[in-house]
Peer 1: 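Let me begin by handing over the structure; questions about it come next.
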Amino acid sequence: MKITSKILYVGVTSVVMLAASCSKDPKSPGLEYMPDMYRSPSYEVYTTNPNFPDSLTMQAPVKGTIPRNYTFFNYPSSNEGYEAAGRDVKNPLPVTEENVAEGKRQYEIYCTHCHGSTGQGDGSIVAIGKFPPPPSYSKGNSSRGGAMRDLTDGKVFHTITYGINLMGAHASQINPEDRWKIVMYVRQLQNDNKPVGSTTTVSTDSTTVKP
Ligand code: HEC
């Protein structure tokens, strides 16, 4: 009796499973026991949504929303904005070896091909004659007046943010913090690639070193 019911149980189960797995359409996934697992009841990002007047699921952030840790740079892309930023804005980050090193790394990604690795305006696209040379950071003059080596933190930041003449804006690809690190490195290049603030000159001539 026990054996018979076992055989019957196995038999019936196999028939039911076999029947359930057979389908005319070879691409059909078969019976769906829990459709919610396959078809999410939530709205997909790009599907229409009856809950909003514009029927979009992805809603724009509320007007005036700013990202966390966002720093304001409330200076327009104009000569006045450039001068005002140059006068009032200071680099908010401390000049540390790490920050300058990161600025150099970013500079090599975004700026070297035009400005050159030491900021002399001899980048690779200038060298192949595809682009007019930008002025040298240490020896050239700014098209907005004054020597390049006198450009302040705020002016350099303004330039990276909005661009200037042939140089494009970099605000969309470099976040403000990284822009400030690049500014640090540019300040160093203005100073003939010597760390800014360093007043000591290291002599390499051993005969002049007194004990
Ligand atoms: C496509 C080439 C190109 C790239 C990339 C580029 N620049 Fe420039 N940059 C120029 C040119 C050309 C000028 C001179 C524009 C002028 O004054 O007419 C310039 C000018 C500048 C100036 C001087 C602005 C002033 O106040 O006169 C600074 C500072 C500067 N660039 C920094 C940067 C930094 C930092 C980067 C990288 C984030 C960068 N540039 C990327 C081409 C470039």
Side-chain angles (χ1 to χ4, degrees), residues 61 64-202:
T65 305
I66 50 163
R68 216 175 252 239
N69 299 330
Y70 183 82
T71 40
F72 273 105
F73 184 67
N74 207 6
Y75 296 85
S77 171
S78 63
N79 276 336
E80 293 72 40
Y82 169 87
E83 291 298 337
R87 193 183 54 235
D88 304 336
V89 185
K90 295 274 170 296
N91 200 326
L93 305 177
V95 182
T96 60
E97 260 179 45
E98 292 76 39
N99 283 344
V100 176
E102 179 57 17
K104 177 175 193 284
R105 196 182 74 80
Q106 300 263 349
Y107 176 90
E108 283 165 359
I109 296 171
Y110 295 106
C111 325
T112 302
H113 52 288
C114 290
H115 285 274
S117 53
T118 57
Q120 294 307 311
D122 54 357
S124 53
I125 69 165
V126 174
I128 58 168
K130 299 281 181 203
F131 201 81
S136 152
Y137 289 134
S138 54
K139 300 180 191 75
N141 287 315
S142 162
S143 64
R144 281 173 157 159
M148 289 282 279
R149 70 182 307 143
D150 295 334
L151 293 178
T152 55
D153 286 353
K155 283 185 175 176
V156 178
F157 189 85
H158 188 281
T159 301
I160 303 175
T161 306
Y162 297 117
I164 178 170
N165 299 328
L166 279 177
M167 174 181 157
H170 287 69
S172 64
Q173 54 276 52
I174 314 175
N175 69 40
E177 191 177 318
D178 288 341
R179 266 178 260 159
W180 280 121
K181 289 178 184 168
I182 296 176
V183 169
M184 274 175 216
Y185 187 59
V186 170
R187 300 306 307 267
Q188 180 168 312
L189 293 178
Q190 287 172 304
N191 193 30
D192 297 320
N193 208 359
K194 288 199 272 292
V196 178
S198 151
T199 46
T200 48
T201 5
V202 182

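Both counts, for ligands and for their atoms, begin at 1 and track the order of listing.
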Peer 1: Check ligand 1 against His113 and write out every atom of the ligand that is under 4.0 Å from a heavy-atom position of the residue.
Peer 2: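 Ligand 1 atoms under the 4.0 Å threshold to His113: 5 (C).
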Peer 1: Can you figure out which of Ile125, Asp178, Asn165 has its heavy atom closest to atom 18 (O) of ligand 1?
Peer 2: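 Minimum heavy-atom distance to atom 18 (O) of ligand 1 goes to Asn165.
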Peer 1: Side chains of Lys139 and Gln120: closer than 4.5 Å at any heavy-atom pair?
Peer 2: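 Heavy-atom side-chain distance check passes, below 4.5 Å.
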Peer 1: Using 30° and 60° as the class limits, which term best fits the ring planes of His115 and Tyr137: parallel, tilted or perpendicular?
Peer 2: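 Ring orientation of His115 relative to Tyr137: parallel.
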Peer 1: Among the protein atoms near atom 8 (Fe) of ligand 1, how many are N, O or S and lie under 2.8 Å away?
Peer 2: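 N, O or S atoms of the protein closer than 2.8 Å: 2.
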Peer 1: May I ask you to decide if the ring planes of Phe73 and Phe157 are parallel, tilted or perpendicular, using 30° and 60° as cut-offs?
Peer 2: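 The arrangement is perpendicular - the two ring planes meet at more than 60°.
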Peer 1: Evaluating non-hydrogen atoms only, which member of Tyr107, Tyr82, Tyr110 is closest to atom 5 (C) of ligand 1?
Peer 2: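 Among Tyr107, Tyr82, Tyr110, the closest heavy atom to atom 5 (C) of ligand 1 comes from Tyr110.
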Peer 1: Would you mind checking which non-hydrogen protein atom is closest to atom 27 (O) of ligand 1, with the distance to 0.1 Å?
Peer 2: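 Among all protein heavy atoms, the one nearest atom 27 (O) of ligand 1 is Ser142 OG, 2.5 Å.
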Peer 1: If you have a sec, work out which protein heavy atom is nearest atom 17 (O) of ligand 1 and how many Å separate them, to one decimal?
Peer 2: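 Checked against all protein heavy atoms, atom 17 (O) of ligand 1 sits closest to Ser143 OG, 2.5 Å.
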Peer 1: Got a salt bridge between Lys104 and Glu108, using NZ or NE/NH1/NH2 to carboxylate O under 4.0 Å?
Peer 2: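 Here Lys104 pairs with Glu108 in a salt bridge, since their nearest N and O are under 4.0 Å apart.
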Peer 1: Would you confirm whether Tyr162, through its side chain, and Tyr82, through its main-chain N or O, come within 3.5 Å as a donor-acceptor pair?
Peer 2: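 Side chain of Tyr162 to backbone of Tyr82, a donor-acceptor pair under 3.5 Å: no, none is there.
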Peer 1: Any atoms of ligand 1 less than 4.0 Å from a non-hydrogen atom of Val186? List them with their elements.
Peer 2: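 Counting from 1, the qualifying ligand atoms are 35 (C).
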Peer 1: Show your working on side chain to side chain contact (heavy atoms under 4.5 Å, CB included) between Ile182 and Ile174 and close with a plain yes or no.
Peer 2: CA-CA 10 Å; Ile182 296 176; Ile174 314 175; 3.8 Å; yes
Peer 1: When you look at Tyr110 and Asp178, which way does the side chain to side chain contact (heavy atoms under 4.5 Å, CB included) test go after all the steps?
Peer 2: CA-CA 11 Å; Tyr110 295 106; Asp178 288 341; over 6 Å; no
Peer 1: Are Val89 and Asp153 packed together at the side-chain level, in the sense that at least one heavy-atom pair is separated by less than 4.5 angstrom?
Peer 2: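 The answer is no, as the side chains (C-beta and beyond) never meet within the 4.5 Å cut-off.
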Peer 1: Show me which atoms of ligand 1 lie under 4.0 Å from any heavy atom of Ile182.
Peer 2: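 Listed by number with element, the hits are 35 (C).
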Peer 1: Pair Arg187, Val183 - check side chain to side chain contact (heavy atoms under 4.5 Å, CB included), show working.
Peer 2: CA-CA 6 Å; Arg187 300 306 307 267; Val183 169; 4.2 Å; yes
Peer 1: What part of Met148 sits under 4.0 Å from ligand 1 if we count only heavy atoms: the side chain, the backbone, both or neither?
Peer 2: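 Contact part for Met148 vs ligand 1: side chain (C-beta onward).
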Peer 1: Over all heavy atoms of both residues, which pair between Asn141 and Ala147 is shortest? Give the atoms and the distance, please.
Peer 2: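 Looking at all heavy atoms of both residues, the shortest contact is OD1-CA, 3.5 Å.
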Peer 1: Give the intermediate values and the outcome of side chain to side chain contact (heavy atoms under 4.5 Å, CB included) for residues Arg87 and Thr152.
Peer 2: CA-CA 8 Å; Arg87 193 183 54 235; Thr152 55; over 6 Å; no
Peer 1: Who gets closest to atom 12 (C) of ligand 1 by heavy atom: Tyr137, Tyr185, Phe131?
Peer 2: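 The residue whose heavy atom sits nearest atom 12 (C) of ligand 1 is Phe131.
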Peer 1: If you measure from each non-hydrogen atom of Leu151 to ligand 1, which part falls under 4.0 Å: side chain, backbone, both or neither?
Peer 2: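 Side chain only.
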Peer 1: Return the residue, atom name and 0.1 Å-rounded distance of the protein heavy atom closest to atom 14 (C) of ligand 1.
Peer 2: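 Going atom by atom, the protein heavy atom closest to atom 14 (C) of ligand 1 ends up being Pro135 CD, 3.6 Å.
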